[in-house]
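Reviewing the structure listed below.
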Amino acid sequence: MKRPTILILLLVGLNLTFGFCSNLTYMNEHLAVLLGALYIILFNIIVYEWCEVNSRSKSLPIPSGAKMLTVCFAPLGLAYYFFRVYRFLPALRAYTLSILVMIIVLLAPGIPGLLI
């Protein structure tokens, strides 16, 4: 399996884990805040790493500021990244897929709560 794919699966796994843990910490707000901070840090590291790995795996240049913008605000940063690196149609396809993955990632924490 390619490393960019592994990072996407790691991102989904992080969200599933966060969803499970958030259901266990709902009574302790200090633990929930600590868990949220840890989640944000890990999420940003994974997205940052994905941009670099994706560019390297396709031998594409990384636009200046694209990785940092992606970490600060993922939907805007990914749009900037894809449209600077790829031609229009591949960029549109990649951006649409990334938005779909983000939606899945946002919904993933709720799945363990439905199972408990």
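Using a 4.5 Å heavy-atom cutoff, the side chains of Y81 and S55 are in contact.
Here I6 contributes atom CD1 and L11 contributes atom CG; the two are 14.0 Å apart, rounded to the nearest 0.5 Å. For the atom pair OH (Y86) and CZ (R93), the distance works out to 10.5 Å, reported to the nearest 0.5 Å. Expressed to the nearest 0.5 Å, how far CD1 of I46 lies from SG of C51 amounts to 12.5 Å. Taken from CH2 in W50 to OG in S98, the straight-line distance is 7.0 Å, to the nearest 0.5 Å. Atom CG of L100 sits about 12.5 Å away from atom OH of Y95, to the nearest 0.5 Å. Note: E52 CD to Y48 OH = 6.5 Å, rounded to the nearest 0.5 Å.
Side-chain contact check for T17 and Y39: no donor-acceptor pair (N or O, by modelled atom type) lies under 3.5 Å.
One hydrophobic cluster, built from ILVMFWY side chains closer than 4.5 Å, cannot hold both I8 and I45; they sit in different ones. Criterion: ILVMFWY side-chain heavy atoms under 4.5 Å apart, direct or through other members. Under it, L35 and I41 are not part of a common hydrophobic cluster. Tracing side-chain contacts under 4.5 Å through hydrophobic residues (I, L, V, M, F, W, Y), one never reaches F43 starting from L34; they form parts of separate clusters.
Remark: side-chain polar atoms of S57 are paired, donor with acceptor, to backbone N or O of N54 under 3.5 angstrom.
In terms of the salt bridge (Lys or Arg N to Asp or Glu O under 4.0 Å) criterion, residue partners of E49 (sequence neighbours excluded) are, by chain and number, R3.
The aromatic rings of F83 and F88 lie tilted to each other, with the angle between the two planes from 30° to 60°.
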